[in-house]
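This report concerns only the one structure given below.
Naming convention: chains lettered A, B, ... in sequence-line order (proteins, then strands); numbering from 1 in each chain.
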4 protein chains.
Amino acid sequence: MSPKIGMEPIRRQQIIEAAKHCIVTKGLPHFSIKDIAKAANLSTGVIYHYFENKDDLLVDVLKDSFSNTEKLVKETVDAASNYNNKMKAYLETVAKVPDENPDFYIILLNYLAQAPYNEELKRIISRFFQNLGRFIEGILQIGYKEGVIKKIEKGTAANLILSQAMGLAFYYLISNEKINKDKINRDFVEIFKKYIE
Amino acid sequence: MSPKIGMEPIRRQQIIEAAKHCIVTKGLPHFSIKDIAKAANLSTGVIYHYFENKDDLLVDVLKDSFSNTEKLVKETVDAASNYNNKMKAYLETVAKVPDENPDFYIILLNYLAQAPYNEELKRIISRFFQNLGRFIEGILQIGYKEGVIKKIEKGTAANLILSQAMGLAFYYLISNEKINKDKINRDFVEIFKKYIE
Amino acid sequence: MSPKIGMEPIRRQQIIEAAKHCIVTKGLPHFSIKDIAKAANLSTGVIYHYFENKDDLLVDVLKDSFSNTEKLVKETVDAASNYNNKMKAYLETVAKVPDENPDFYIILLNYLAQAPYNEELKRIISRFFQNLGRFIEGILQIGYKEGVIKKIEKGTAANLILSQAMGLAFYYLISNEKINKDKINRDFVEIFKKYIE
Amino acid sequence: MSPKIGMEPIRRQQIIEAAKHCIVTKGLPHFSIKDIAKAANLSTGVIYHYFENKDDLLVDVLKDSFSNTEKLVKETVDAASNYNNKMKAYLETVAKVPDENPDFYIILLNYLAQAPYNEELKRIISRFFQNLGRFIEGILQIGYKEGVIKKIEKGTAANLILSQAMGLAFYYLISNEKINKDKINRDFVEIFKKYIE
DNA sequence: CATGAATGAGGGTTCATTCAT
DNA sequence: GATGAATGAACCCTCATTCAT
């Protein structure tokens, strides 16, 4: 039923972007297939040529968001040469997300709230964090090998870094004032040093 | 419109608890007034005697959740005598929430996801975190006066503690395995020492 | 089931007046028993002590309106001594209704619109117009006996006077400007002379 | 929102006719969207493809009724050649409405009763009567130019003719017996001569 | 008598999904 | 492929009416 992979990836992407737009502007529970179609300048029917149903489309939206973010982080960090530069690149990339790509956290938050009621979403989100955690562990491993940081329990550190980032990001979401946001952002970067140095 | 305050607080509470049950079992966007009524063993109509509409009821559910949690934290901490005991009481209370009152974080997460689209929810959540932040600052202040901890920037510390708790809690939500949860929990308590000692 | 007549006529009247107020301010289809109760400063339940149900109450409201108007017209005309004075009294009374008792026509219009779907209302309204028609015929009869007017077909004249009054009154209802209303009013009185002189 | 003009005027008309049927058989306040759908042999949802909401649909029903009547009157009168024929055509057309198109007055009455509570309806009805009034003035003007009738105040005459028609029509509505209806009808035509000759 | 909480059918409306064109 | 009209279940909410207190 679902179209063969590679058939019309442009249309699929067009629909996914429209769905993201709807999530960001209206919230996951507050838009219809018609809203997506309107945002994509398409008819409602065509969406069902590219996606089995609404749920399937929404799952693909999350996968797309995650894969974009993973790619961004990995490319930035891989381009840096040693532990210090890699960690700096990672920190800067993550720190800039709320301002430069605020959609990501909004979308993540929307799906996170659905995770307890949807095993598939839960699995996808879980895997994303595991991947990111392992990636951070990789960076820390380099630091250890270079003798720049002391040996720490990898799992713990990765968990803490991730949760810290998430916590700050969500906290950030509900703060209106620019000044407060900047402060939280600085705090966010500062705290990493406490962990790892 | 809504019944005089004090009129039938039992029914109001009964409905609020039923709504909480629905949020926890089905998720904020996935239950109807009829579901709440069924959960409360009431007819649908009666809900509108006690609440103006569904949105109002859901706002009251959040307020109720927050006020319960605030009360629990404050009472536990106030019962402790000095900085060390107070901080220990705080840490233990917060650390136990995910296991002893898992509903709280699920409910919070559901509302947090709606905050970007609803100014009232945003305000209520904001105020809750502000209150909790000030409360933590108060504990730290005591520690500083007693000479137990070094002077630290209060705002930062409070923010970090809060966001750490939130981040871990949500991370916790998507972890299935008991063993992983326990570990995260231990990490959570451990990290506080890094901040404040 | 319905309370014995004479039991609490004050309460009945209080409720009827409240219902009239609701009809005039909101329109027959747009208010509830609760609205009536609120307007009468009573509880909803008590209305069912004095009226079998909403329909019965609304029938009684119409009867009350009609009996008031009939009484007013008859008393005014009966107080006049001869044909000329009687007809003058009638014309003035009717002409003043839209301004002095605008509720009457609004209430009448509301019920008239229901007449095609409710035999009881139809019968009550029919009887009211028949009574008024016969009353006008009586005045004309006096004029004929006094030799003041020429013999005319009574039924026709009465019908025409009534319908003219009704038509102008409803036309009047939808005219906003005071100046227009005054003009229509003057036209209304003027036309009677054409009929009968 | 509403479909492009010209898209599916047949469906729109189908729904409007079904709504008219409901008004005539049940009365404006006593039918639901579901009733309309059933009368039109459609599902409930489709109505919202063609009309924004129930109120909008009902407004369009009134507009449709008025435009039909205006067209009928104008076409009939325009086809006549001089004043006498035009006025005769007008009188006959109007006199026949209650028997040949009894729905019109029932529908009009239903909306008239809502006019005091709905500015839009009031405006539409007002405009209809103004148009019709001006049209009658036009006929009288011709009669005056042809020297057939004496000069009369146009506004007054038009108002009186209209209100007479309305009054008789509504009076007619509540009369059951056929004989009575016929008599009123004859009276209606007769009265015009008194006005204008 | 009086109250107002409770019931549940029914109203207007939305929306995921299908399918004839 | 693409369209958007059509379906009908489900949603939020109102309200006439009842009845325990």
Side-chain angles (χ1 to χ4, degrees), chain A residues 1 3 7-8 11 29-38 41-58, chain B residues 3-4 7-8 10-12 15 29-38 40-58, chain C residues 1 3 7-8 11 29-38 41-58, chain D residues 3-4 7-8 10-12 15 29-38 40-58:
Chain A
M1 242 17 92
M7 253 189 88
E8 289 275 6
R11 272 285 153 78
H30 303 310
F31 60 90
S32 64
I33 286 283
K34 218 173 230 162
D35 289 327
I36 300 175
K38 224 173 286 169
N41 240 331
L42 291 172
S43 68
T44 63
V46 81
I47 289 176
Y48 287 85
H49 277 284
Y50 295 98
F51 299 91
E52 193 72 20
N53 53 42
K54 197 186 183 189
D55 279 354
D56 266 28
L57 163 55
L58 292 180
Chain B
K4 287 92 195 157
M7 253 334 271
E8 288 282 350
I10 294 117
R11 267 285 188 284
R12 277 186 72 93
I15 293 168
H30 301 310
F31 61 89
S32 66
I33 285 283
K34 247 167 206 154
D35 291 326
I36 300 174
K38 226 170 284 169
N41 236 332
L42 291 170
S43 68
T44 62
V46 80
I47 290 176
Y48 291 88
H49 277 281
Y50 296 97
F51 300 91
E52 196 72 20
N53 52 44
K54 196 188 183 189
D55 278 355
D56 265 32
L57 162 55
L58 293 180
Chain C
M1 238 22 89
M7 252 189 91
E8 289 274 5
R11 271 286 153 78
H30 302 310
F31 61 89
S32 64
I33 285 283
K34 218 174 230 161
D35 290 326
I36 300 175
K38 225 173 284 168
N41 241 331
L42 292 171
S43 69
T44 63
V46 80
I47 289 176
Y48 286 86
H49 277 283
Y50 294 97
F51 299 91
E52 193 71 19
N53 53 42
K54 197 187 183 188
D55 279 353
D56 267 28
L57 162 55
L58 292 180
Chain D
K4 286 91 195 156
M7 255 332 276
E8 287 283 351
I10 294 117
R11 267 285 189 284
R12 276 184 73 92
I15 294 169
H30 301 310
F31 61 89
S32 65
I33 285 283
K34 254 163 204 158
D35 291 325
I36 300 175
K38 226 170 284 168
N41 237 333
L42 291 170
S43 67
T44 63
V46 82
I47 290 176
Y48 290 88
H49 277 281
Y50 295 96
F51 300 91
E52 197 71 20
N53 52 44
K54 195 189 184 188
D55 278 355
D56 265 31
L57 163 55
L58 293 180

Handout entry: Shortest non-hydrogen contact from A/I36 toward A/F31
Key = CD1-CE1, 3.6 Å
Completion exercise
Closest to the 5' end of DNA chain F, once D/I47 and B/N53 are matched to their nearest nucleotides, is D/I47
Exercise for the section: Would you mind reading off the distance between B/I33 atom CD1 and E/dG11 atom C1', rounded to a whole angstrom? Expected result: 16 Å
Handout entry: Contact nearer the 5' end of DNA chain E, comparing B/S43 with C/S43
Key = C/S43
Practice task
Please report, rounded to the nearest Å, how far the P atom of E/dT17 is from the OH atom of A/Y50.
Solution key: 18 Å
Practice task
Taking atom C1' in both F/dT21 and E/dC1, compute the distance separating them and give it to the nearest angstrom.
Solution key: 13 Å
Practice task
Nearest whole angstrom, please: distance from the C1' of E/dA5 to the CZ of B/R12.
Solution key: 15 Å
Completion exercise
Between D/D55 and B/G45, the residue closer to the 5' end of DNA chain E by nearest nucleotide is B/G45
Handout entry: Proximity to the side chain of D/L42 - top-ranked nucleotide from F/dT7, E/dG10, E/dG12
Key = F/dT7
Problem - Counterpart base for F/dT21, defined by Watson-Crick or G-U wobble contacts under 3.5 Å - result: E/dA2
Practice task
Compare every heavy atom of B/K54 with every heavy atom of B/I33, then report the nearest pair and how far apart it is.
Solution key: CD1-CG, 3.8 Å
Completion exercise
Here the distance between atom P of F/dG4 and atom CD1 of A/I36, to the nearest Å, is 17 Å
Problem - Pairwise side-chain contact, D/R12 with D/I15, heavy-atom cut-off 4.5 Å (strictly under) - result: no
Handout entry: Considering all heavy atoms, the nearest B/I47-B/A37 contact
Key = CD1-N, 3.8 Å
Handout entry: Gap between atoms CG and C1', on C/D35 and F/dC15 respectively (whole Å)
Key = 10 Å
Problem - Contact under 4.0 Å: D/R11 side-chain N or O vs F/dA6 OP1/OP2 - result: yes
Exercise for the section: Look at all strands and tell whether D/S32 reaches a base, only sugar-phosphate, or nothing, counting heavy atoms closer than 4.0 Å. Expected result: sugar-phosphate
Problem - Whole angstrom value for the distance that separates C1' of E/dA16 from NE2 of B/H30 - result: 14 Å
Practice task
Please state whether the phosphate of E/dT14, meaning OP1 or OP2, lies under 4.0 angstrom from any side-chain nitrogen or oxygen of D/Y48.
Solution key: no
Completion exercise
Nearest heavy-atom contact between B/H30 and B/D35 is O-OD2, 4.3 Å
Exercise for the section: From the options E/dG12, E/dT3, E/dA6, select the nucleotide whose nearest atom is closest to the side chain of D/K54. Expected result: E/dG12
Fill in the blank from the handout: In whole angstroms, the gap separating P of E/dT3 from NZ of C/K38 amounts to 15 Å
Practice task
Starting at atom CG of D/D56, determine the distance to atom P of E/dG12, rounded to an integer number of angstrom.
Solution key: 14 Å
Practice task
Check every atom of F/dA6, E/dT7, F/dT3 against the side chain of A/H49 and return the nucleotide holding the closest atom.
Solution key: F/dT3
